[in-house]
J.: 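Let me begin by handing over the structure; questions about it come next.
Note: hydrogens, waters and symmetry copies are ignored here, and every other heavy atom, side chains too, is used.
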Amino acid sequence: MEFTASQIASFIDGQIIGDESTVITGVSPIENGESGHLSFIAQDRFSHFLDTSKCSVIIVSEKLIDKDNYNPTLIVVKDAYLSFQVLMNLYQEMQGRKEGIETGSSIHDTAVIGEKAYIGAFTYVSEKAKIGEGSQIYPHVYIGKGVKIGKNCKIDSGARIYDYCIIGDNCVIHSNTVVGGDGFGFQPTAEGFKKIPQLGNVIIEDDVEIGSNCSIDRATIGSTIIGKGTKIDNLIQIAHNVKIGQNNVIAAQAGIAGSTTIGDWNQIGGQVGVVGHIRIGNQVKIQAQSGVNSSVNDKETLYGSPAISYNDYLRNYVHFRNFTEIVRRINNLEDTSKDKTNE
C-alpha cells in the first residue's frame, strides 16, 4: 500500500514539517532507514537520525524538535511510539479478515460456527463447540468438545484447545499453545504415583493474548482462570487451578505452580518461578529469574531467589560482590586482635 505523509498525519493527528505529498511504501527501523519508507523516533538517544536517516517520512515526538527544517518529512506528534502503534493497528485492520470454511477441515454436525468466521484447512472442531462471529481459526488447530470461543478471536496454526475450555472475545492464541491439557496431579502411594483425574477447565477472559508454545493446564476441579486484558509471552507454564487477574504481563519462560492466585496489573519477568498455593497481590513487579516462594503484598518489587525486596537485594549484592575482600579484612582484624591479646 502507498500513503502520503498527509494521509498518515491525518490518522494520528500529526503536524507536518516538510513535503506533505511525500509517498511511503513501507516501514523501516530508524537505524536501517530506506528511501520511500516510514519510521519513528520517540527517544532523545535516536534524535540524531532526524538528520541522517534515509527514511522519507519520520514520526517524531514533539519534545525532540529543535529547529524548523530537516532532511526527511516529519510528522510531529505528542508521543511517537504510541502514534506508531496506532498506525500499525490500522494497517493490520486494512489487511482484512478471512471468512469461510476451507477444504480439509472437519467440523462436527453439532458445532456452531458464527457469521464471518474463518476455519482453516485441517482444523478439527469437535461436537458442541461454539466459535463466535468473526473469529479466525487457522489451519491445523484442534478445538475440543464443548469449547466456547468468543467473537473476533485469532487462534494460530497448531494450537490445541481441549474439552470445555472457554475463551472470551478478542483473544489471540499463538501457534502450538495448549489450553486445557491435564494438570500435573499425582498422588504418591506405596506402588508409585497415581494420576488424579483433571476434571475442570480453563477460562480465558476477554482481550487476552497468549504467546506460542505455552501450556495452560485445566483445573483438577473448577477452573484455571486468565483474567481480562492479561498478556502472556511465549514458553510459559501455568498450572492447574491458577487464577490470574486482569491486565497482567508475564514474560517468557515464567512458570506458575498450581493453585496460586495472582491479582491485577502485575509485571512478571522472564524465567520467574512461582510456587503453588500462594497469593500475589496487585501492582507487583517481579524481576527476571526470581523465585517466589511466599505470598506477596500489593505494590512490592522483588528480586532474587528466593525473592526479596528489590532494594534489599541491590544493597546486599553490593556486599556480595566484595565478599572476598570483606572476609580478608575480617581475617586480618582477627589476626591483629590475637596478636594484641598475646602481648
J.: More than 12 heavy atoms of other residues, nucleotides or ligands under 6.0 Å from CD of Glu325: yes or no?
T.: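 Above 12, so yes.
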
J.: Under 30°, 30 to 60°, or over 60°: which ring-plane class applies to Tyr124 and Tyr142, parallel, tilted or perpendicular?
T.: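 Geometry flag for Tyr142 against Tyr124: parallel rings.
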
J.: How would you list, by chain and number, every residue that makes a salt bridge (charged side-chain N to carboxylate O under 4.0 Å, His left out) with Asp109, sequence neighbours excluded?
T.: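 For Asp109 there are no salt bridge (charged side-chain N to carboxylate O under 4.0 Å, His left out) partners, ignoring immediate neighbours.
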
J.: Taking only Lys NZ, Arg NE, NH1 and NH2, and the carboxylate oxygens of Asp or Glu, determine whether Asp163 and Arg218 approach each other closer than 4.0 Å.
T.: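 Salt bridge flag = no for Arg218 with Asp163.
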
J.: Answer yes or no: are there more than 12 heavy-atom neighbours, outside Leu82 itself, under 6.0 Å from its atom CG?
T.: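 It does: Leu82 CG has more than 12 such atoms within range.
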
J.: Could you walk me through whether Ile166 and Val202 pass the side-chain contact (heavy atoms from CB on, under 4.5 Å) check?
T.: CA-CA 6 Å; Ile166 298 171; Val202 174; over 6 Å; no

J.: Side-chain donor-acceptor contacts of residues 153-160 below 3.5 Å, not counting sequence neighbours, with atom names and distances?
T.:
unit_1, atom_1, unit_2, atom_2, d
Asp156, OD2, His174, ND1, 3.2
Ser157, OG, Pro139, O, 3.3
Arg160, NH1, His140, O, 2.8
Arg160, NH1, Gly158, O, 2.9

J.: For the CZ atom on Arg97, are there more than 12 heavy atoms of other groups (residues, nucleotides or ligands in this structure) within a distance under 6.0 Å?
T.: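 Enclosed: over 12 neighbouring heavy atoms sit under 6.0 Å from CZ of Arg97.
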
J.: Tell me, please, which residues at least two apart from Phe184 pass ring-ring contact (aromatic ring centres under 6.0 Å, His included).
T.: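 Partners of Phe184 under the ring-ring contact (aromatic ring centres under 6.0 Å, His included) test: Phe186.
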
J.: Enumerate, atom names and distances included, each donor-acceptor pair closer than 3.5 Å involving a side-chain atom of residues 9-17, sequence neighbours excluded.
T.:
unit_1, atom_1, unit_2, atom_2, d
Ser10, OG, Gln7, O, 2.5

J.: Tell me, please, which residues at least two apart from Asp312 pass salt bridge (charged side-chain N to carboxylate O under 4.0 Å, His left out).
T.: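 Here the qualifying residues are Arg315.
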
J.: State which residue, out of Thr110, Ile107, Val147, fulfils the side chain to side chain contact (heavy atoms under 4.5 Å, CB included) condition with Glu127.
T.: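 Output: one option passes, namely Thr110.
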
J.: Counting heavy atoms not belonging to Lys148, are there more than 12 under 6.0 Å from its NZ?
T.: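 Incorrect, the count does not exceed 12.
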
J.: Are Val27 and Ile30 in one and the same hydrophobic cluster, where Ile, Leu, Val, Met, Phe, Trp and Tyr link if side-chain heavy atoms are under 4.5 Å apart?
T.: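 No, no single cluster joins them.
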
J.: Do other residues, nucleotides or ligands put more than 12 heavy atoms under 6.0 Å from Gln237 CD?
T.: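 It does: Gln237 CD has more than 12 such atoms within range.
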
J.: Is it the case that the side chain of Gln287 and the backbone of Lys285 share a donor-acceptor pair, with hydrogens and angles ignored and the cut-off at 3.5 Å?
T.: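 Judged by distance alone, no pair lies under 3.5 Å.
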
J.: Compile the donor-acceptor pairs under 3.5 Å between side chains in residues 264-277 and protein atoms, sequence neighbours left out, one pair per line.
T.:
unit_1, atom_1, unit_2, atom_2, d
Asp264, OD1, Gln246, N, 2.7
Asn266, OD1, Gln283, N, 3.1
Asn266, OD1, Val284, N, 2.6
Asn266, ND2, Asn248, OD1, 2.9
Asn266, ND2, Gly263, O, 3.3
Asn266, ND2, Gly281, O, 2.9
Gln271, OE1, Gln289, NE2, 2.6
Gln271, NE2, Gln253, OE1, 2.5

J.: Verify the neighbour count for atom CG of Asp51: are there more than 12 heavy atoms of other residues, nucleotides or ligands below 6.0 Å?
T.: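 Yes - once you tally the heavy atoms of other residues, nucleotides and ligands closer than 6.0 Å, there are more than 12.
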
J.: Surrounding CD of Glu31 (heavy atoms of other residues, nucleotides or ligands, distance under 6.0 Å), is the total greater than 12?
T.: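 Yes.
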
J.: Has the side chain of Lys231 got a donor or acceptor atom that lies under 3.5 Å from a matching backbone atom of Asp207?
T.: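 Pair found, side chain donor or acceptor close to backbone of Asp207.
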
J.: Using a distance-only test with no angle check, is there a side-chain donor-acceptor pair under 3.5 angstrom linking Asp19 and Thr73?
T.: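 Side chains of Asp19 and Thr73: no pair found under 3.5 Å.
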
J.: Ring centres of Tyr118 and Tyr138 under 6.0 Å apart?
T.: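 Tyr118 vs Tyr138: aromatic centres under 6.0 Å.
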
J.: Is a side-chain N or O of Thr123 found less than 3.5 angstrom from the main chain of Ser105, in a donor-acceptor match?
T.: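 Checking the backbone N and O of Ser105 against the side chain of Thr123, no donor-acceptor pair under 3.5 Å is found.
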
J.: Counting only N and O atoms by type, is there a donor-acceptor contact under 3.5 Å from the side chain of Thr177 to the main-chain atoms of Gly211?
T.: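 The answer is yes, because a donor-acceptor pair under 3.5 Å joins these two groups.
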
J.: Tell me, with the steps shown, if Ile203 and Thr224 meet side-chain contact (heavy atoms from CB on, under 4.5 Å).
T.: CA-CA 6 Å; Ile203 297 175; Thr224 301; over 6 Å; no

J.: Under 3.5 Å, is there a donor on one side chain and an acceptor on the other for Asn234 and Ser212?
T.: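 Note: Asn234 and Ser212 side chains meet the donor-acceptor criterion.
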
J.: Atom OH of residue position Tyr303 - does it have more than 12 heavy atoms of other residues, nucleotides or ligands inside 6.0 Å?
T.: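 12 or below, so no.
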
J.: Quick one: closest heavy-atom pair of Phe3 and Ile8, and the distance?
T.: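 Closest approach of Phe3 to Ile8: CB-CG1, 3.9 Å.
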
